[in-house]
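Have a look at the structure below, then the notes.
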Amino acid sequence: MIIPQIPKGFRDFLPGKMNLRKKIIGAVTEVFESFGFEPMDTPCLEYAETLEGKYGEEGDRLIYKFQDRGGRSVALRYDLTIPLSRVVATYPELTRPFKRYQIAPVWRADKPQKGRFREFYQCDIDIIGTESAYADGELVIITYLVLKKIGFDNFLIRINNRKLLNAFAVKEGINDRQVPSFFRSIDKYDKIGRDGVMKELQNNFTVSKSLETKLDDYIFSEENRKQTGLSEIAKLVEGMPAGDEGLRELETIRDSFSAYGVPEKYYMFDFSLARGLDYYTGPIFETIVTEPRIGSITGGGRYDNLIGLFSRNPVPATGTSFGLERIVTVLDEMGIGGSDGTMTRILVTLFDADLMADNLRIAKTMREADLNVEVYFSPQKLKKQLSYAANRGIPFVVIQGPDEISQGTITLRNMNKGTQEVLSLGDLISTVKNSVLQ
RNA sequence: GUGGGUGUAGCUCAGUUGGUUAGAGCACCAGGUUGUGGCCCUGGGGGCCGAGGGUUCGAAUCCCUUCACUCACCCCA
């Protein structure tokens, strides 16, 4: 016997969970499409060189990489952004701005833990070919709409701009090579706090007293981590053109929110947000939830220089990603995700083997009325057939025995209420359909 | 890559200072009820106690090794 097992960090999705995942994907897709995004897919396998060197040192280590039979070095995609960049460079004829969504698995050779897997789904939206900060704003509005639609309320979208952080770093004399590491330390503010960040910075850089004061006054200042602080933060990057540009972009994003009516409680400009990936160049954003502590559930930002790596012509781009498993984890924690659902509405029980032909006809009529119907295959005890329906969560059961046959009727049992009524097939169908609407 | 925790029935877990044939609840199957699930009652199937080695008259229990799972760090969705 072969021991049934699957690789660490990989999972089976049983029907109960799969129905929930499909529901989430459906909600996400609807919002994406309502903003004009179109579906796209790419192969799960890419040449290793396409992926390598894009995510930073840590990211590269987590790429699943191996040789194919021809000795070529290939890799499972690590995210959906790099494959998209490759696509855009491959098909320059795509009309821009190019807005696509992609819901697909990605693979990372990470050590699994709560809310983290080696194979997981991302739901990406990206807008390629525009520098407008309204595009960035749209992504964040969509983030808000999607999470609301799924039923979340306890979330906070953090927004910042790499240009601000960059300008600040340059102004403070941090050299180019150290900037990513500088960002990563800043980014830990939420986790390790002010003192933790300072300690890390002091280990890697020479932190002047004035830099420390500025970090305290602007980056870590609670007051300034609100949208009202945009004018205050301006002082931080005074005289740096890139900084001004970054500020204007954030103002544009803020304007989109107020135009769209995104309530202020769901977002904040947070100057301690930096994000780990190397390729971000402009506005960056991520969503955190307070209840289960599982990092971020969405994350993204502008990456104007990435497509240039695959093409002579650099193309501006911005995008964001929803982590499907993290959303499911939060729903589970909220007690919404645990229930095993079924799409099946009715089970037609088999009272006697001779009645199978009748059952098939009943089921056919019901299916033609757009109901999901299952027929039971063997004439086992009703007790058994009913408990089967109950275990599956099927809400209605059809029973047709000698009594019904002689009267030309059908019995419909409501499994949730424990009630049943004797009806004609037509009435039965409308009863079930009306109950669906409830 | 670094550190902690846990491995006993399908699942959640008991199992005393080492001592007969390893337990419970849930789930499953059968019956109580040959036209009715959930509640109740009765019975039943299920275990290489993660694996390998050692100590011992005797090991689920002690020691070593190893594997698996899990949580945290790093990083990330």
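Chain letters run A, B, ... following the sequence lines, proteins first, then strands; residues in each count from 1.
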Touch class at under 4.0 angstrom, heavy-atom based, for [X] against every strand present:
| X | value |
| --- | --- |
| A:I399 | base |
| A:Y121 | nothing |
| A:G418 | base |
| A:Q420 | base |

Nearest-nucleotide check on RNA chain B, A:I6 vs A:S387; residue mapping nearer the 5' end is A:S387
Any side-chain N or O of A:K8 below 4.0 angstrom from OP1/OP2 of B:C69? yes
Using OP1 and OP2 only, check whether a side-chain N or O of A:N391 sits under 4.0 Å from B:A27. no
Which of these nucleotides, [options], is closest to any side-chain atom of [X]?
| X | options | value |
| --- | --- | --- |
| A:K384 | B:C29, B:A72, B:C75 | B:C29 |
| A:Q113 | B:G35, B:C75, B:A72 | B:A72 |
| A:R275 | B:A77, B:U36, B:A72 | B:A77 |
| A:K381 | B:U34, B:G38, B:G1 | B:U34 |
| A:F351 | B:A77, B:G35, B:C73 | B:G35 |
| A:R326 | B:G1, B:C76, B:G32 | B:C76 |
| A:R116 | B:G37, B:C74, B:G35 | B:C74 |

Can you find a donor-acceptor pair, distance only, under 3.5 Å between A:K111 side chain and B:U70 base? no
Is the base of B:G35 touched by the side chain of A:E404 through a donor-acceptor pair closer than 3.5 angstrom? yes
Between [atom2] of [N] and [atom1] of [X], the distance in whole Å:
| X | N | atom1 | atom2 | result |
| --- | --- | --- | --- | --- |
| A:R108 | B:A77 | CZ | C1' | 6 Å |
| A:R61 | B:G1 | CZ | C1' | 5 Å |
| A:K114 | B:G4 | NZ | C1' | 17 Å |
| A:R77 | B:A77 | CZ | C1' | 14 Å |

Using centres under 5.5 Å plus planes under 30 degrees as the test, is A:F322 stacked with B:A77? no
Hey, is A:R302 close enough to A:E249 for a salt bridge, meaning N to O under 4.0 Å? no
Between A:Y64 and A:F10, what is the ring plane arrangement, given parallel below 30°, perpendicular above 60°, and tilted in between? perpendicular
Is A:F66 close to A:L76 at the side-chain level, that is, under 4.5 Å between some pair of heavy atoms? yes
State, with a plain yes or no, whether a side-chain heavy atom of A:S73 is found less than 4.5 Å away from one of A:Y47. no
Write down the distance separating the P atoms in B:G54 and B:A60, rounded off to the nearest Å. 15 Å
Evaluate A:F322 against A:F32 for ring-ring contact (aromatic ring centres under 6.0 Å, His included), listing each step before the verdict. CA-CA 12 Å; A:F322 296 75; A:F32 290 173; 5.7 Å; yes
